[in-house]
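Contents: one structure, followed by commentary.
Note that the structure is predicted; figures quoted are calculated from it, not measured. Heavy atoms only: backbone and side chains are in, while hydrogens, waters and symmetry mates are out. By convention here, the first residue in the shown sequence is residue 1.
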Amino acid sequence: MAISKSVNNKKQHCYISVPSEIINSLSSTSLQSLVVSPKKAAAASRTIVFSRARILKNPRIWFLLLFLCGFFGMLKMWYNFDPFSPYPCGNIEKRDDSSLISDGFLSSVVKLEEKVEEKSDFWEQPDGLGYKPCLDFSAEYKKTSVEILKDRTKYLVVVVSGGMNQQRNQIVDAVVIARILGATLVVPILQVNVIWGDESEFSDIFDVEHFKRTLADDVRIISSLPSNHLMSRPVEEKHTPLHVSPQWIRSRYLKRMRREGVLLLRGLDSRLSKDLPSDLQKLRCKVAFHALRFASPIFELGNKLTERMRSKGPYLALHLRMEKDVWVRTGCLPGLSSKYDEIIRNERKLRPELLTSRSNMTSHDRKLAGLCPLNAVEVTRLLKALRAPKNARIFWAGGNPLGGKEALVPLTKEYPHFYNKEDLALPGELEPFANKASIMAALDYIVSENSDVFMPSHGGNMGHAIQGHRAYAGHKKTITPNKRQMLSYFLNPSLPEAEFNRIIFDLHRDSMGQPAIRTSKAGRDVTKYPIPECMRNNSMVQQSL
C-alpha cells in the first residue's frame, strides 16, 4: 500500500560519496588549487550575492523553476502508480520511496558489476502500448452496491474443486454470481482434491481478510453462515449448464433463493459466461488480480524463492506439463521411449473417461493440431530458436515428469542453470507444505509470475492465469508457443538448423505477450485478456471523453 510522506521544515543535506581511489588519484597540486584565500573568498561572496539578486529578478528563471517543479511532480505521480492497488484508476495515495532510492540504486550498481550476461535480446520486454489497469465502475454499479451490501436475506455457499488454479477461477466466478444475485457470499469451501489428497482450506492458500476487505464495496463476504441459517436446507444445484448469462442465473435461482434463504452451488468451472457486462468483467479482474492474494506464509516463501532466482540476473520460468496424468488426459504420447508410450496407452484404456475431448483423433493428429504438451526436446529447440542464451537461468514449475529427471536431460544439457522450488528452498522450508499440492502450485505461481520471461509448454489454468496476471502487470514478456504452425517444422529432419531457427523465430514475433484485445474474439476470459474492460491507454481515454 502507498504511504503518505510527512513533510518537515528542517533543512535536508545531500552528500556525495567519492570513492577513496578517486581522492588518492588527485595530485597535491590539484588539491591545493581548491583552497581559496580569505580575501578572494570574500570578494567572490559579494559577486555571488549580486549575481543571485539579478537572477531572482529574471522572470524567465521563475518560469523555468515552475516548469521543472511541475515536470518532476508528474514523474513522481507516474512512478508511484500501483497496478495492484485495490482501487486502480481512483485516488492513489502517495508513497514514500525515499528509503528505497539508495538501496535500489546501489543494488543495481552491484548487479551490473557482478554479473556478466551473455548478450541477448531474449530478455527484451514487449511494447505495452501504454496500457495500465483501470477498474472504473459505473455510477449505476456503485448505486446498486448500496442495496446489495445491506441485504441479509440471501446467502450463497459454493464448493470449488480441482487444482489450485482451477479453484481460483471458480472463486472468481463465485464472487460475480453473488453480485448478480445480490447475495452475501460465504467464504468458498475447497473440496478435498481426490487426485493429490490435498485437504487445504481457503485460509491455508489465500489471505481471507484481504479477500473480504478488497471486495467490501462489491459483495458482502462472511466466514460462515449465521446461526439462524445453519439448520435450513439449502437449495442445491449440481448441474448448471456451461456459459450461462446473468439473466439465466437470476431467472433460475433468485426466486428459490428468496424462499429458502441459502443457495449451494457446486462445480462452477466454466459455468458462467465469459462475455459479461463491463462492470461484471471489471469485478472479475478485481477478484483475480487484487482480492486473491496468497496467504502470508506462501507469499513470503514465494518471494524468497524469487529473489534467489533473480540474485544472479534475469530468469525464465517454464511451466512444464509433462506429468503422467497430463499425457493421459490430452491423448498424447510423451515420446520418451516405447516403454513409456505403452504405459500411457494402457492407462488410457483402463480409464477412457480421463480423455478430455476429441477421442476419435490419434495421438499423431493431436500433436499436429497443437493439442499436445511440448516435451523436453521440443522445448529446448524452441528456446534455442528464440535465442535464449545458454547461460539463461531457468525456473521450472509443474509436477514430476513421467520418466523422472531423465525426461529433462535434453533441457538440462543445453541449459544447465535449471532449478525448481526444491532446488531453491533451504532445508526445512518446504516441510510445512508437504503433501499440499495446492500450496506447492501457489509457490510455482509466484515465482513464475515474477519472472522476466514466462513460457508454458501447454495451455491449462495456470498458464492462462499467469498470462493474464503478467498482462495486467504491464505486459511482461510471455511466450505462447505457436504449436499448430511450428510442429510440422519440428517433424522435418531435412530442414537445416539455421533455417529452422529463423522460421520458428519469425512465427513467434507476435506471441511475446504484446497487448491483445479481448473483444476481438468472443468467449475469451477477461482474466487472461484484460483489455479493454480492465486496462486502458491514453488513446482509449481520449475516445471516451
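N482 and S511 share no side-chain donor-acceptor pair at under 3.5 Å.
Between L149 and A216, the closest heavy-atom pair is CD1-O, 3.4 Å. Nearest heavy atoms, R524 versus I517: NH1-O, 3.2 Å. Smallest separation of non-hydrogen atoms from C134 and K282: O-CE, 4.3 Å. The heavy-atom pair separating L408 from A376 by the smallest distance is CA-CB, 4.2 Å. The minimum heavy-atom distance linking E378 with L487 is given by the pair OE2-CD2, 4.2 Å. Contact between A397 and M462 at its shortest, heavy atoms only, is CB-CE, 4.1 Å.
Put simply, CG on D444 and CG on N420 are 8.0 Å apart, with the number rounded to the nearest 0.5 Å. Note that CG of L368 and CZ of R484 are 11.0 Å apart. Values are rounded to the nearest 0.5 Å. For the atom pair R179 CZ and D279 CG, the distance stands at 7.5 Å (nearest 0.5 Å). L374 CG to L382 CG: the interatomic distance, rounded to the nearest 0.5 Å, is 6.5 Å. With rounding to the nearest 0.5 Å, the separation of CG in L181 from CZ in R252 is 12.5 Å. Note that the CG atom of L190 and the OG atom of S438 stand 6.5 Å from one another [nearest 0.5 Å].
Of the possible polar contacts, one joining the S457 side chain to the R321 backbone as a donor-acceptor pair under 3.5 Å is found. A side-chain donor-acceptor contact under 3.5 Å links T362 to the backbone of D365. In terms of modelled atom types and a separation under 3.5 Å, the side chain of D204 and the main chain of E201 share a donor-acceptor contact. With hydrogens and angles disregarded, a donor-acceptor distance shorter than 3.5 Å links the side chain of R348 to the backbone of C332. Checking side-chain atoms of Q170 against main-chain N and O of V160 turns up no donor-acceptor pair under 3.5 Å. The backbone N or O of H290 lies less than 3.5 Å from a partner atom in the side chain of H210, making a donor-acceptor pair. At least one donor-acceptor pair closer than 3.5 Å links the side chain of K483 to the backbone N or O of C372. Counting only distance, with no hydrogens or angles, the side chain of S161 and the backbone of V159 share no donor-acceptor pair below 3.5 Å. Checked by atom type and distance alone, the side chain of D198 pairs as donor or acceptor with a backbone atom of A437 at under 3.5 Å. K390 places a side-chain N or O within 3.5 Å of a backbone atom of E414 that can act as its donor or acceptor partner.
Using a 4.5 Å cut-off on side-chain heavy atoms (C-beta onward), M512 and I479 make contact. At a threshold of 4.5 Å between non-hydrogen side-chain atoms, the residues T330 and H458 count as touching. The side-chain heavy atoms of L402 and V326, taken from C-beta on, include no pair separated by under 4.5 Å. For the pair Q514/H475, no side-chain contact is recorded, criterion being any heavy-atom separation below 4.5 Å from C-beta on. With contacts defined as side-chain heavy-atom distances shorter than 4.5 Å, the pair F433/P297 qualifies. Between P314 and F122 the shortest side-chain heavy-atom distance does not fall below 4.5 Å. Side-chain contact between E429 and K304 is present, with at least one heavy-atom pair separated by less than 4.5 Å. R271 places a side-chain heavy atom less than 4.5 Å from the side chain of L242.
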Output, in order, the C-alpha distance, side-chain angles, deciding distance and verdict of side chain to side chain contact (heavy atoms under 4.5 Å, CB included) for R536 and D136. CA-CA 10 Å; R536 308 181 82 181; D136 50 344; 3.0 Å; yes
Quiz prompt | Derivation of the side-chain hydrogen bond (donor to acceptor under 3.5 Å, both in side chains) call for T527 and D525 | solution = CA-CA 5 Å; T527 60; D525 191 340; 2.9 Å; yes
Fill in: Check against side chain to side chain contact (heavy atoms under 4.5 Å, CB included), D151 and E147
CA-CA 7 Å; D151 194 298; E147 295 302 317; over 6 Å; no
Trace of the side chain to side chain contact (heavy atoms under 4.5 Å, CB included) decision for R293 with F211: CA-CA 7 Å; R293 186 170 71 185; F211 181 70; over 6 Å; no
The test is salt bridge (Lys or Arg N to Asp or Glu O under 4.0 Å); show your working for R387 and D121 and say whether it passes. CA-CA 7 Å; R387 303 172 185 172; D121 57 3; 3.4 Å; yes
Apply salt bridge (Lys or Arg N to Asp or Glu O under 4.0 Å) to the pair D452 and K477, showing each step before the final yes or no. CA-CA 7 Å; D452 298 272; K477 188 171 184 176; over 6 Å; no
Pair R284-Q281, side-chain hydrogen bond (donor to acceptor under 3.5 Å, both in side chains): steps then yes or no = CA-CA 5 Å; R284 263 185 169 147; Q281 297 287 56; 3.2 Å; yes
Check the pair I180 / Y253 against side chain to side chain contact (heavy atoms under 4.5 Å, CB included), numbers first and verdict last. CA-CA 10 Å; I180 291 169; Y253 301 133; over 6 Å; no
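Note on ring orientation: taking the six-membered ring where Trp is involved, the planes of W396 and F418 are parallel (angle under 30°, cut-offs 30° and 60°). Using bins of under 30°, 30° to 60° and over 60° for the plane-to-plane angle, the ring pair F202/F206 lands in the tilted bin. H319 and F454 have parallel rings, their planes meeting at less than 30° on a 0 to 90° scale where 60° marks the start of perpendicular.
When the shell of 6.0 Å around NZ of K212 is examined, it contains more than 12 heavy atoms from other residues, nucleotides or ligands. Atom CD of Q125 has more than 12 heavy atoms from other residues, nucleotides or ligands within 6.0 Å. Residue Y489 places its OH atom among 12 or fewer non-hydrogen atoms of other residues, nucleotides or ligands, all under 6.0 Å distant. Atom CG of N492 has more than 12 heavy atoms from other residues, nucleotides or ligands within 6.0 Å.
Taking the charged nitrogens against the carboxylate oxygens, D218 and K286 do have a contact shorter than 4.0 Å, which makes a salt bridge. Here R470 does not pair with E449 in a salt bridge; the nearest charged N to carboxylate O distance is not below 4.0 Å.
Taking the six-membered ring for Trp, Y445 and F294 have ring centres closer than 6.0 Å.
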